[in-house]
Amino acid sequence: MDYIWLALGIAIAGYLIGDGLKNFKNPNSKNILESLDESDDHELIKENEVHHFIGISMEDAKDLIREHPNIPHIIINNKVYYPKAKLREWLLKIGS
């Protein structure tokens with residue numbers, strides 16, 4: 001069992017080192033974490049999961065949504081979704 005974790009760790013380390021070497025001569029290139037952030041631009045969060053993203057209780061999330069009807073959201077087939085990138089921007093704006 002320990003060998004599996006060791007093999008997994010070596011594989012991840014190899015990937016990260018390879019990714020770093022690939023971009024060694026191009027310091028302006030995006031790393032893997034920056035690439036993952038780009039995929040958030042079109043990702044939607046279900047209404048009942050938004051509290052996980054914000055990091056608050058479900059009741060507090062419902063109160064926040066009720067108090068701020070301008071929160072970025074879209075409705076598809078009578079279900080409310082929150083665009084992850086726009087929700088992040090909105091949270092940063094109200095937090096400052």
Side-chain angles (χ1 to χ4, degrees):
M1 184 67 173
D2 291 332
Y3 295 113
I4 293 173
W5 290 111
L6 180 62
L8 185 60
I10 290 171
I12 291 172
Y15 175 78
L16 293 175
I17 290 170
D19 190 48
L21 290 175
K22 177 179 69 176
N23 296 324
F24 184 71
K25 292 185 179 179
N26 186 5
N28 295 328
S29 66
K30 296 180 179 173
N31 66 27
I32 191 167
L33 296 177
E34 291 170 338
S35 298
L36 290 175
D37 282 345
E38 287 180 353
S39 66
D40 288 352
D41 290 348
H42 304 291
E43 189 173 341
L44 299 176
I45 302 171
K46 294 178 183 178
E47 184 174 32
N48 62 348
E49 296 173 354
V50 75
H51 68 282
H52 288 296
F53 177 74
I54 298 174
I56 58 177
S57 70
M58 187 177 281
E59 293 79 23
D60 288 342
K62 287 180 182 180
D63 290 339
L64 181 70
I65 292 168
R66 197 173 315 114
E67 291 172 12
H68 298 278
N70 64 334
I71 189 169
H73 67 281
I74 60 173
I75 299 172
I76 302 172
N77 294 331
N78 295 322
K79 294 184 180 183
V80 179
Y81 297 91
Y82 298 89
K84 191 180 247 187
K86 292 193 184 279
L87 181 58
R88 183 180 293 119
E89 290 173 18
W90 183 82
L91 288 167
L92 290 171
K93 190 180 348 175
I94 67 165
S96 57

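These figures come from a predicted structure and were not determined experimentally.
Residues satisfying the side chain to side chain donor-acceptor pair (under 3.5 Å) test with Asn48, not counting sequence neighbours, are none. For Lys79, the side-chain contact (heavy atoms from CB on, under 4.5 Å) criterion is met by Tyr81, not counting sequence neighbours.
Contact record, Pro83 with Pro72: CD-O, 3.7 Å, taken as the closest heavy-atom pair. When all heavy atoms are compared, the tightest approach of Ala61 to His51 is CB-CB, 3.6 Å.
In this structure, His68 and Trp90 have perpendicular ring planes: the angle between them is above 60°, well past the 30° mark.
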Step-by-step side chain to side chain contact (heavy atoms under 4.5 Å, CB included) determination, Phe53 to Arg88: CA-CA 9 Å; Phe53 177 74; Arg88 183 180 293 119; 3.8 Å; yes
Verdict with reasoning, Leu64 to Val50, per side chain to side chain contact (heavy atoms under 4.5 Å, CB included): CA-CA 11 Å; Leu64 181 70; Val50 75; over 6 Å; no
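Rounding to the nearest 0.5 Å gives a distance of 13.0 Å between NE2 of His73 and NZ of Lys86. Here the CD1 atom belonging to Ile65 is positioned 12.0 Å from the CG atom belonging to Asn70, to the nearest 0.5 angstrom. Remark: Glu67 CD to Lys62 NZ distance equals 14.5 Å, nearest 0.5 Å.
Using a 4.5 Å cut-off between side-chain heavy atoms of Ile, Leu, Val, Met, Phe, Trp and Tyr, with links allowed through other members, Ile75 and Ile71 fall into the same hydrophobic cluster. With hydrophobic clusters built from ILVMFWY side chains whose heavy atoms lie under 4.5 angstrom apart, Met58 does not share a cluster with Val80.
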